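The figures here come from the full heavy-atom set of this structure, side chains too, leaving out hydrogens, waters and symmetry mates. Given the structure is predicted, the values throughout are model-derived calculations rather than measurements. Just so it is clear: chains get the letters A, B, ... in the order the sequence lines come, proteins before strands, and each one is counted from 1.
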Protein chains: 2
Amino acid sequence: MTSKPLPPLSTIGILGSGQLGRMLATAAAEMGFRTQIYCPEENAPAFQVANDVTVAAYDDADALEAFANTIDVATYEFENVPEAAVRQIANSVPVRPDADALAVAQDRLSEKRFMARIGVATAKYAAVESASDLTAAVNETGLPGILKTRRMGYDGKGQTTVTKDSDHKELFSALREMPSILEERISFERELSIIIARGMNGDIAAYDPAENDHRDHILWHSHVPGSIPAGQASEARDIAERIVEALDYVGVMGVEFFAKPDGHLLVNEIAPRVHNSGHWTQDAADTSQFEQHIRAVVGWPLAAPTRHSNVAMENLIGDDVFSWDVIASEPGAHLHLYGKRDARAGRKMGHVNRISKKTG
Amino acid sequence: MTSKPLPPLSTIGILGSGQLGRMLATAAAEMGFRTQIYCPEENAPAFQVANDVTVAAYDDADALEAFANTIDVATYEFENVPEAAVRQIANSVPVRPDADALAVAQDRLSEKRFMARIGVATAKYAAVESASDLTAAVNETGLPGILKTRRMGYDGKGQTTVTKDSDHKELFSALREMPSILEERISFERELSIIIARGMNGDIAAYDPAENDHRDHILWHSHVPGSIPAGQASEARDIAERIVEALDYVGVMGVEFFAKPDGHLLVNEIAPRVHNSGHWTQDAADTSQFEQHIRAVVGWPLAAPTRHSNVAMENLIGDDVFSWDVIASEPGAHLHLYGKRDARAGRKMGHVNRISKKTG
């Protein structure tokens with residue numbers, strides 16, 4: 001384990017092979033690094049732009065060891081990589097962000113407790129291990145609430161709304177009786193997120209926050225600067241800094257917030273990785289979140305998170321991608337596609353960054 | 001052959017596998033295209049980021065045919081690809097820029113004659129097929145002059161200075177008696193270049209011109225805007241437009257100029273491809289020359305060549321690359337490295353774009 005910056009031609013191992021892994025691999029290549037992907041999928045978006053690929057399960061200890069032996073440092077593109085896999089790799093080479101950050105972020109209950117511990121406000125919540133827990137939890141959080149599995153949820157998967165008419169037993173069994181939490185459903189004025197990076201030397205670089213809209217629980221639009229008041233932006237930055245400091249975090253993190261009608265922020269969740277709501281940085285910031293993450297992972301100094309343009313990011317989900325030709329003709333539109341063949345409903349196929357003159 | 005824009009997931013064949021091919025492949029991947037590299041080298045910078053690779057000689061007709069059968073369109077990263085290879089591929093799929101443009105640009109004599117035909121000024125020149133031709137040529141161009149092979153020269157290779165003391169026979173034999181031209185040596189105030197793109201629909205997009213410095217005949221720095229007077233910039237743009245129009249060109253072209261002390265421009269040479277002096281566009285323009293070239297090649301509309309920052313590009317040649325750690329710490333410096341292992345003298349290992357606030 002070294003804390004010296006890794007030289008070019010070092011090999012970065014990336015756990016996960018979706019579009020985030022793909023864009024990380026591209027950024028790493030541009031900086032002169034080699035990349036090796038590890039994932040269970042036979043073919044995946046990141047394969048095209050990586051030097052090497054290991055196709056194996058996340059619990060295949062031999063494959064993990066062989067992988068760790070061919071790389072100089074590891075990172076991951078999503079938080080549902082098993083913590084044990086990361087801990088095993090970390091016996092051989094540094095993993096950034098580390099397994100502790102991963103453990104906090106991949107379990108909604110740990111995440112909420114961590115926020116409480118460092119004094120960061122979240123929605124009210126209660127742990128739910130059984131249908132009868134759910135009945136008790138409703139008394140703590142009030143209704144309506146959202147019942148979410150503690151692990152493996154994303155894009156609205158693994159969650160369900162709880163109202164006064166809900167049958168608790170039925171709801172809990174719909175989540176396959178997985179350990180869950182009930183969260184108070186927040187009425188918010190807007191959703192926002194911030195992409196923050198922390199380097200090996202403790203330096204922090206936070207991009208301007210994005211205002212986000214979701215469609216069917218999937219991020220649809222991010223606007224920067226959006227309509228976020230200055231005070232709210234700086235509160236978001238302060239909270240995000242507190243989080244990465246407390247975790248002694250290295251890498252890029254996405255922090256999602258709800259802004260309440262009174263203007264104050266609640267943390268919704270954190271993602272210990274590059275984040276969809278940071279894709280705008282590719283075309284409107286001097287340095288993208290992908291380069292920034294690679295810089296942190298290899299121990300290079302962070303780049304300034306300067307934004308040079310206003311930007312609206314739109315995810316292209318499922319059939320949206322068939323508008324590529326219209327978007328390709330749009331002035332100021334930058335199309336990013338992930339090389340996926342099958343435009344299934346709800347699948348993220350690409351995104352477009354529409355940039356315009358910087359106003360604020 | 002189609003003139004409709006190619007959809008994402010189409011395969012772009014790229015002849016050549018150096019850093020230009022690498023950066024083209026990365027840009028293509030980001031836009032959702034697949035890439036297949038064709039080159040004679042066993043391992044090369046572009047391999048890391050391409051979907052597939054064909055390793056074969058440029059005169060291997062069977063390999064060229066197999067390559068042409070797996071791609072939807074072809075382009076090339078350098079002008080020394082044999083014209084015959086391009087013509088063969090063009091029997092199966094479009095090649096952009098086409099073989100006619102390649103033929104003009106890969107032969108210094110054809111290039112000079114083409115410029116004369118369209119009324120674009122160049123240095124005085126004369127064809128040299130023998131040592132005695134050289135003696136006659138000296139009378140036409142004056143001295144000192146530069147004797148250059150018609151084909152395959154780059155970065156100062158295949159050229160030699162002719163003075164009044166030169167032994168013509170010796171000089172010509174030093175160029176292995178290759179068909180050559182003698183060019184008047186221009187005393188110039190500055191060297192500049194322009195990166196211009198022309199799309200399938202005839203639209204033209206020219207980036208701001210760069211002021212260039214060379215070291216040992218290899219491009220060292222490009223500054224944009226540099227100290228180029230407005231009138232000279234617009235003359236450069238006009239000439240470049242005339243060139244791409246006359247060639248019915250599709251793709252990005254680099255046009256290099258000498259600015260004479262009287263302010264007027266002579267075309268030095270053209271490169272029918274992305275160009276080293278356009279690397280600045282990666283970090284200081286909304287759209288890079290690599291994306292712009294891919295857009296032209298796949299028949300998409302061109303993007304606006306808007307520049308958002310001032311920029312100084314520096315090539316990292318040979319040992320220069322060992323300063324990566326210093327450059328990585330510099331605010332505003334964007335490092336691009338090509339994944340080459342061996343930092344030989346004179347070898348282009350990477351480049352850095354130093355950006356700053358736009359002033360003009």
Need one label for [X]: side chain, backbone, both or neither, based on atoms under 4.5 Å from any heavy atom in chain A.
| X | result |
| --- | --- |
| B/A328 | both |
| B/F47 | neither |
| B/P45 | neither |

Contacting region of [X] [heavy-atom separation from chain B under 4.5 Å]:
| X | answer |
| --- | --- |
| A/A50 | backbone |
| A/A29 | both |
| A/F322 | neither |
| A/I355 | side chain |

Tell me which donor-acceptor pairs, judged by distance alone and kept under 3.5 Å, run between chain A and chain B, one pair per line.
unit_1	atom_1	unit_2	atom_2	d
A/R22	NH2	B/A29	O	2.5
A/A29	O	B/R22	NH2	2.5
A/E30	O	B/L337	N	2.9
A/E30	OE2	B/Q282	NE2	3.3
A/E30	OE2	B/H336	ND1	2.6
A/F33	O	B/Q48	NE2	3.0
A/Q48	NE2	B/F33	O	3.0
A/Q48	NE2	B/N51	OD1	2.5
A/N51	OD1	B/Q48	NE2	2.6
A/Q282	NE2	B/E30	OE2	3.3
A/R295	NH1	B/A328	O	2.9
A/H308	NE2	B/H308	NE2	3.3
A/A328	O	B/R295	NH1	2.9
A/H336	ND1	B/E30	OE2	2.6
A/L337	N	B/E30	O	3.0

Checklist entry - Taking all atoms of both residues into account, what is the closest heavy-atom pair of B/L337 and A/G32, and its distance? => result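 Shortest heavy-atom separation between B/L337 and A/G32 comes out as CB-CA, 3.6 Å.
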
